[in-house]
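Contents: one structure, followed by commentary.
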Amino acid sequence: MMNDTKNPNAADIALRLAAWWETAARDLPWRFGRASDWGVLVSEVMSQQTQMSRVVPYWTAWMERWPDARALAGAPKAEVITAWGRLGYPRRALRLQECARTVAEQYDNQLPHTYDELLALPGVGDYTASAVMSFAFGERIAVIDTNIRRVISRVFRGEESFGGAASPVERETARRLLPEGERGAVVWNQSVMELGATVCTAKAPLCDRCPIAGQCVFLRNGRPGLGERRTRPRQRFQGTDRQVRGLVLNALRELPAGSVLEREQAERLWKDRIQLDACIASLDDDGLVEMLPDGSLRLPQ
DNA sequence: CTCCGGAGGA
DNA sequence: TCCTCCGGAG
């Protein structure tokens, strides 16, 4: 077809999303240049597997208490674990502190500015390294998370994205769609991700509120397979080790600082003694708790 | 109850 | 490549 005006045009979509970003972006405290590079990294680590809205109060308190990598590096582990609160996946808290130590010691308290150096930091994977490069340093780099994968797949391919790791084709597509200029690329990453988080959601996309509904192949095709395919296998929580670990750690966090959880108290948290012990052992392995000779538990020092 | 989401280790 | 790691919103 010679003049297919319906074919999605990346430049046109980028313009529309940039305009939408100006009016619709959530006012998160680490956005719009208000946070340090380190603050941006902390926000990204906290946002791994956790909704931004839940992160905000934790991030604010965290950055007030430990404004930079050096400050976090010197904090007692127990305080770090406690401050992580109910964000979930508390190993992230320890990795973030390890990251802070690396930054403080090896990089003189300044985040490194290359993707490879960022990627090598504890708790920093492809997504976080790319996000810091883009959002903290303003570099032109394709950021790929599940929101961006979903939006790009729907808008340009008219399909739901597959689960699993991003394929080389997906990565190449993401790079190709990136606007030429640095500033444009940053806004592209932020706006596509924001669209995926708030409008182009996985299960019930709000197409009537979408600024690029007129350019979307997925919508034009009648949203084929909407909600049929999961981006990842379903994860149960009730009865799992994750729930038990959460109960134990939460009990420790709620204790007065420095005090221990007696064995009897721990046993009251979960009926299945075998599973409880396995979870305590795994928390110990992770460095999230310490077991004393009498069987009581405490947060690590 | 179901949904959502990166890193790292096996 | 698969699996485990959480908690709160809907």
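Letters A, B, ... are given to chains in the order of the sequence lines, protein chains preceding strands, and every chain is numbered from 1.
- Between dA7(B) and Gln48(A), a contact under 4.0 Å exists linking OP1 or OP2 to a side-chain N or O.
- Judged by distance alone, with hydrogens and angles left aside, the side-chain atoms of Gln265(A) form a donor-acceptor pair with the main-chain N or O of Glu262(A) at under 3.5 Å.
- Protein atom CG of Asp286(A) is 19 Å distant from nucleotide atom P of dC3(C), rounded to whole Å.
- An aromatic stack links Tyr89(A) and the base of dC6(C), using centre distance under 5.5 Å and interplanar angle under 30°.
- Both Ala204(A) and Gly123(A) sit near DNA chain B, but only Ala204(A) has its closest nucleotide nearer the 5' end.
- Not one side-chain nitrogen or oxygen of Thr146(A) sits closer than 4.0 Å to the OP1 or OP2 atom of dC4(B).
- Within the 4.0 angstrom heavy-atom criterion, only backbone atoms of the sugar-phosphate kind lie near Asp145(A); the bases stay farther away.
- Look at Arg86(A) and you won't find any side-chain N or O under 4.0 angstrom from OP1 or OP2 of dC6(C).
- Considering only side-chain atoms of Arg245(A), the nucleotide from dC5(C), dA7(B), dC4(B) that sits closest is dC5(C).
- Within the structure, the ring-ring contact (aromatic ring centres under 6.0 Å, His included) test picks out the following pairs touching residues 48-77 of chain A (sequence neighbours left out): Trp30(A)-Trp59(A), Trp62(A)-Trp66(A), Trp62(A)-Trp84(A).
- Using a 4.0 Å cut-off on heavy atoms, none of the residues of residues 270-281 of chain A approach DNA chain B.
- For dA7(B), the OP1/OP2 oxygens have a side-chain nitrogen or oxygen of Thr128(A) closer than 4.0 Å.
- In this structure, the side chain of Thr201(A) does not engage the main chain of Thr198(A) through any donor-acceptor pair within 3.5 Å.
- Here dC6(C) is the nucleotide among dC3(B), dC6(C), dC5(C) with the atom lying nearest to any side-chain atom of Pro90(A).
- Heavy-atom distances to DNA chain B give each of Pro122(A) and Arg54(A) a nearest nucleotide, and the one nearer the 5′ end belongs to Arg54(A).
- Taking Ile, Leu, Val, Met, Phe, Trp and Tyr as members and joining any whose side-chain heavy atoms lie under 4.5 Å apart, directly or through other members, Leu219(A) forms no hydrophobic cluster with any other residue.
- Remark: Arg157(A) engages Glu159(A) in a salt bridge (Lys or Arg N to Asp or Glu O under 4.0 Å) (not counting sequence neighbours).
- Residue contacts shown for Val124(A) are limited to sugar-phosphate atoms, with no base heavy atom under 4.0 Å away.
- A residue-by-residue look at Ala165(A) and Tyr58(A) shows that Ala165(A) has its nearest nucleotide of DNA chain C further toward the 5' end.
- For Arg95(A), the side chain to side chain donor-acceptor pair (under 3.5 Å) criterion is met by no residue, not counting sequence neighbours.
- Listed nucleotides: dC4(B), dC5(C), dG7(C). Nearest to the side chain of Lys203(A): dC4(B).
- For Arg95(A), no side-chain nitrogen or oxygen approaches OP1 or OP2 of dG9(B) to under 4.0 Å.
- In the hydrophobic clustering, where aliphatic and aromatic side chains (Ile, Leu, Val, Met, Phe, Trp, Tyr) are joined below 4.5 Å either directly or transitively, Leu177(A) groups with Ile13(A), Leu17(A), Trp20(A), Val40(A), Tyr127(A), Phe135(A), Val143(A), Ile148(A), Val151(A), Ile152(A), Val155(A), Phe156(A), Leu178(A), Val186(A), Trp188(A), Val192(A), Met193(A), Leu195(A), Val199(A), Leu206(A), Ile212(A).
- Residue Gln51(A) is classed as a base contact, given a heavy-atom separation below 4.0 Å to a base.
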